[in-house]
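Single-structure report; data block below.
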Amino acid sequence: MKRKVTKAIFPVAGLGTRFLPATKSVPKEIMTLVDRPLIQYAIDEARAAGIEDFIFVTSRGKSALEDYFDHSPELESALRKSGKTDLLDTLKATNMDSGAIAYIRQHKALGLGHAVSCARKLIGDEPFAVILPDDLIASEKPCLQQMIEAYQDTGGAMVAAMEVTPEQTSSYGVLDVLSEDGSVVKVKGMVEKPAAGTAPSNLAVIGRYILTPRIMQNFKNIERGAGGEIQLTDAIAYELTAGRDIFGYKFEGERFDCGSKAGFLQATVSFALKRPELRDEMAGFLKSLDVDKALAG
Ligand code: G1P
């Protein structure tokens, strides 16, 4: 039995420039997907997987994100008085236990690896998860839970993995595969954003990780990598240099890249179609669209 994974790091320090001007005043993670901020989906997935400690690596301008997790007693009492119990339940489901959330500032935008390393003191000597909220994964069993179950057998470091097209590999961390056993892939190398035509496979890293505390030590041993940034991929790949195992996990589910406008919109439509109260109206609207005309225009 491996040590239980109860801590998760959420790197949310990014500027969200792809969503300007909205992100001038609203952190990207607070942007609404149907009726919930993007971050809520990541929190729900983490909770379902047994995470108890939520560590946000933030930056300047993210106070709306911190406020979002406060309880709202006035709102709760107003809803209670007016008998709006459904809304009250929805609101309460977003409440976090006192002391369950920690915020760490990343003072310089030095990359994802650096953001994760900022949380090293809160992680201590325990395995931990990392969730990138931009990667939204719709699945019956939450992706992180799938991974935590697989990790019970494998140990080591584990990254979520998904096939992408050869043209897309340069946007991701990419796995060099040693062997495959069902959903679990043993990895012999990992490259962050390989140049076109040089990717070792089409298996890309998606933003869910289960990592050993040793990864935090590895940051001391790696140089700046792709884009001049301190890369999480490189700190994980360092495990191989030290003779330790890394696994990819081919999760079940549909992943949306909510870091891009098209991905965010696709997720919005897809999630709306799954909501009973919206399904019919949305489906009717989508069917009525004259896509060919839009493309011609
Ligand atoms: C990050 C990681 C990359 C991973 C990707 C998944 O890249 O560095 O390895 O494949 O997330 O979304 P980013 O999208 O932040 O550039």
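All ligand and atom numbering here is 1-based and tracks the order in the structure. Heavy-atom basis, side chains included; hydrogens, waters and symmetry copies ignored. On a predicted model such as this, the values are computed, not experimentally measured, just so you know.
- Side chain of Glu192 to backbone of Gly225: no donor-acceptor contact under 3.5 angstrom is found.
- Lys250 has a carboxylate O that lies under 4.0 Å from a charged side-chain N of Glu180, or vice versa, which qualifies the two as a salt bridge.
- Close approach of ligand 1 to Thr233 (heavy-atom distance below 4.0 Å) involves ligand atoms 9 (O).
- For the pair Glu149 and Lys141, the salt-bridge criterion is met [side-chain N within less than 4.0 Å of a carboxylate O].
- Among protein heavy atoms, the minimum distance from atom 12 (O) of ligand 1 is reached at Asp135 OD2, 2.8 Å.
- Ion pairing between Asp135 and Arg208 fails under the 4.0 Å rule for side-chain N and carboxylate O.
- At a heavy-atom distance under 4.0 Å, no atom of Asp257 approaches ligand 1.
- Using cut-offs of 30° and 60° on the angle between ring planes, the pair Tyr41 and Phe271 is perpendicular.
- Here the protein heavy atom with the shortest distance to atom 11 (O) of ligand 1 is Leu132 CD1, 3.4 Å.
- Close contacts between ligand 1 and Tyr172 involve ligand atoms 10 (O) [criterion: under 4.0 Å to a heavy atom].
- Screening Arg224, Lys108, Gln106 for a side-chain hydrogen bond (donor to acceptor under 3.5 Å, both in side chains) involving His114 leaves a single residue, Gln106.
- The protein heavy atom nearest to atom 4 (C) of ligand 1 is Val205 O, 3.4 Å.
- A salt bridge links Glu126 with Lys7: the closest approach of a Lys/Arg side-chain nitrogen to an acidic carboxylate oxygen falls below 4.0 angstrom.
- For atom 15 (O) of ligand 1, no protein heavy-atom neighbour is present inside the 4.0 Å cut-off.
- Atom 13 (P) of ligand 1 has its nearest heavy-atom neighbour, among Lys193, Glu192, Arg255, in Lys193.
- Atoms of ligand 1 found under 4.0 Å from any heavy atom of Gly173 (numbered from 1 in listed order, with element): 3 (C), 4 (C), 9 (O), 10 (O).
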